[in-house]
Amino acid sequence: MKQSILFTKTAKSISSEEKSINSQFLIRGGYIDKLMAGVYTFLPLGLKVFKKIENIIREEMNAIGGQEIIMPSLQPKENWQQTGRWNTMDDLYKLKDSQGQEFALGPTHEEIIVPLLKKFINSYKDLPVYVYQFQDKFRMELRSKSGILRGREFVMKDLYSFHSDEKDMDEYYNIVKKAYFNIFKRVGIGQETYLTFAAGGSFSKYSHEFQTVTPAGEDIIYICQKCNLGVNKEIKTETPSCPDCGAKDFKEEKAIEVGNIFKLKTKYSEPFNLKVKDQSGKEKEIFMGCYGIGLGRLMGTIVEVHHDSKGIIWPLAVSPFQIHLILLGNNEPLAKKGEELYNNLTKSGFEVLYDDRQESAGVKFNDSDLIGIPFRLILSEKTAESKQVEFKSRLKEKSQLIKQASLNSFLNEQIKL
Ligand code: ATP
Ligand code: MG
């Protein structure tokens with residue numbers, strides 16, 4: 001993509017209201033735009049990152065048997081009354097139309113998926129089933145001050161699993177746990193992210209959160225110094241020692257909850273009377289699990305973990321582009337060479353943002369640091385003349401000259417690393 005036609009622009013500064021690092025860099029870099037507190041537009045660069053994250057999650061969900069659907073956001077009041085959550089869920093957005101009919105804007109989808117499955121599942125032979133979606137959630141968040149970490153409208157990947165017995169649910173829960181570790185590793189926050197014990201609600205002793213350690217975290221977790229598992233505040237007050245290994249030595253850290261996995265057991269299948277016939281024809285309860293990841297929260301967390309004073313430093317797997325090609329100098333023959341190099345790189349399959357704008361070197365480098373694409377190529381009068389190009393990694397100070405003839409193989413090596 002050519003930067004000259006990108007309709008968004010970078011900004012030197014933004015409103016002092018934006019306190020969080022993720023919203024400052026993402027807004028200044030032209031990734032997102034804030035409509036109001038907790039509600040954001042994803043702009044072309046931001047959507048590219050978002051889609052890369054989405055695809056990594058989708059691959060991992062498909063690998064564990066997930067079937068993708070999209071359920072509605074506009075939901076009948078009756079479904080929410082059936083579980084009692086119409087009255088008990090504080091952050092539920094409720095609306096009434098001009099006919100007086102009432103609806104909920106979905107904050108989660110148990111109330112929709114369970115009646116949906118009831119239409120298709122009759123026998124134990126129809127189980128297990130794993131269904132997921134990427135869908136807008138609406139929650140009346142009172143603390144939406146941390147950029148895209150806490151939206152009032154936000155996209156969640158929510159997976160729901162249905163099982164004929166508890167053992168099958170437990171086994172699948174562990175499979176999802178592994179898939180979640182893969183996801184957080186692939187998007188570049190594997191080292192900072194801890195599996196953390198959390199309260200399980202009335203049906204299960206524990207649930208698990210995936211908590212990413214960063215000063216921007218709104219949660220406090222305690223990391224067991226023996227087995228490296230996390231314990232959240234609620235659990236730590238109830239049980240002073242590690243629920244896994246029993247050790248008592250913890251390190252306190254601030255962290256962001258990037259994911260949550262939960263054994264629901266029969267909590268939602270019961271109110272909707274979702275049952276199957278077992279081998280002997282007897283009716284039997286269905287066991288459920290639910291598993292969430294907030295995509296905006298994950299994207300914001302990646303920025304909180306990977307940045308410096310100048311801007312974002314994207315992990316390659318989620319960067320909007322692999323290479324930022326920068327043209328220095330405004331004369332026509334040079335611009336032609338830049339165009340050629342850009343065309344060759346894109347034809348070879350590289351994802352390139354080409355800064356072909358008529359701006360100074362200072363402006364271009366500052367923007368490039370802010371936008372944070374991991375690899376940078378600089379074509380100037382001098383490098384073009386010697387049929388070379390300057391290569392610089394966003395993470396390193398030093399640059400190196402590469403012969404254009406061997407550029408493709410050099411870049412392939414970098415991208416493979
Ligand atoms: P929190 O305690 O931070 O409010 P939660 O317990 O309400 O989170 P869940 O209902 O378990 O969150 O949602 C599953 C996942 O969805 C979370 O792990 C998080 O990644 C994401 N998520 C939850 N609320 C938001 C939000 N307001 N904005 C963005 N992502 C969110
Ligand atoms: Mg919440």
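All ligand and atom numbering here is 1-based and tracks the order in the structure. It should be emphasised that the depicted structure is a prediction, and the values quoted were computed from it without experimental measurement.
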Inset, instruction - Drop me the distance from E171's CD to S161's OG, to the nearest 0.5 angstrom. - result: 12.0 Å
Legend entry - G296 heavy atom under 4.0 Å from ligand 1: no
Inset, instruction - Please write down residue, atom name and distance for the protein heavy atom closest to atom 14 (C) of ligand 1. - result: M156 CE, 3.7 Å
Legend entry - Those atoms of ligand 1 less than 4.0 Å from some heavy atom in E141: 24 (N), 26 (C), 27 (N)
Inset, instruction - Kindly say whether the aromatic ring centers of F197 and H208 come within a distance under 6.0 Å. - result: yes
Inset, instruction - Using the six-membered ring wherever Trp is involved, compare the ring planes of H307 and F25 and label them parallel, tilted or perpendicular (cut-offs 30° and 60°). - result: tilted
Inset, instruction - Pick one of side chain, backbone, both or neither for how T108 approaches ligand 1, counting any non-hydrogen atom pair under 4.0 Å. - result: neither
Inset, instruction - Report yes if V258 has an N/O atom closer than 3.5 Å to an N/O atom of ligand 1; otherwise report no. - result: yes
Inset, instruction - Please list, chain by chain and in numerical order, all residues satisfying ring pair (Phe, Tyr, Trp, His ring centres under 6.0 Å) with F210, sequence neighbours excluded. - result: Y180, F181, F184
Inset, instruction - Please collect all salt bridge (Lys or Arg N to Asp or Glu O under 4.0 Å) contacts where either partner lies in residues 65-76, sequence neighbours excluded, each pair once. - result: R58-E68
Inset, instruction - Please identify which atoms of ligand 1 are closer than 4.0 Å to at least one heavy atom of L149. - result: 28 (N), 29 (C)
Inset, instruction - Looking only at protein heavy atoms, identify the closest one to atom 11 (O) of ligand 1 and say how far it is in Å. - result: N260 OD1, 2.8 Å
Inset, instruction - Tell me which part of R139 gets within contact of ligand 1: side chain, backbone, both or neither, using heavy atoms under 4.0 Å. - result: side chain
Inset, instruction - With D369 as reference, evaluate R376, R28, K364 under the salt bridge (Lys or Arg N to Asp or Glu O under 4.0 Å) test and give the passing residue. - result: R376
Legend entry - Identity and separation of the nearest protein heavy atom to atom 18 (O) of ligand 1: E257 OE2, 2.7 Å
Legend entry - atom 4 (O) of ligand 1 [closest protein heavy-atom partner, distance rounded to 0.1 Å]: R150 NH1, 2.9 Å
Legend entry - Nearest neighbour in protein (non-hydrogen) for atom 22 (N) of ligand 1: F154 CE1, 3.7 Å
Inset, instruction - Please report which non-hydrogen protein atom sits nearest to atom 28 (N) of ligand 1, along with the residue it belongs to and the distance in Å to one decimal place. - result: G151 N, 2.9 Å
Legend entry - Minimum heavy-atom distance L92-A104, with the two atoms named: CD1-CB, 4.0 Å
Inset, instruction - Can you measure from CG (L127) to CG (D168) and round to the nearest 0.5 angstrom? - result: 8.5 Å
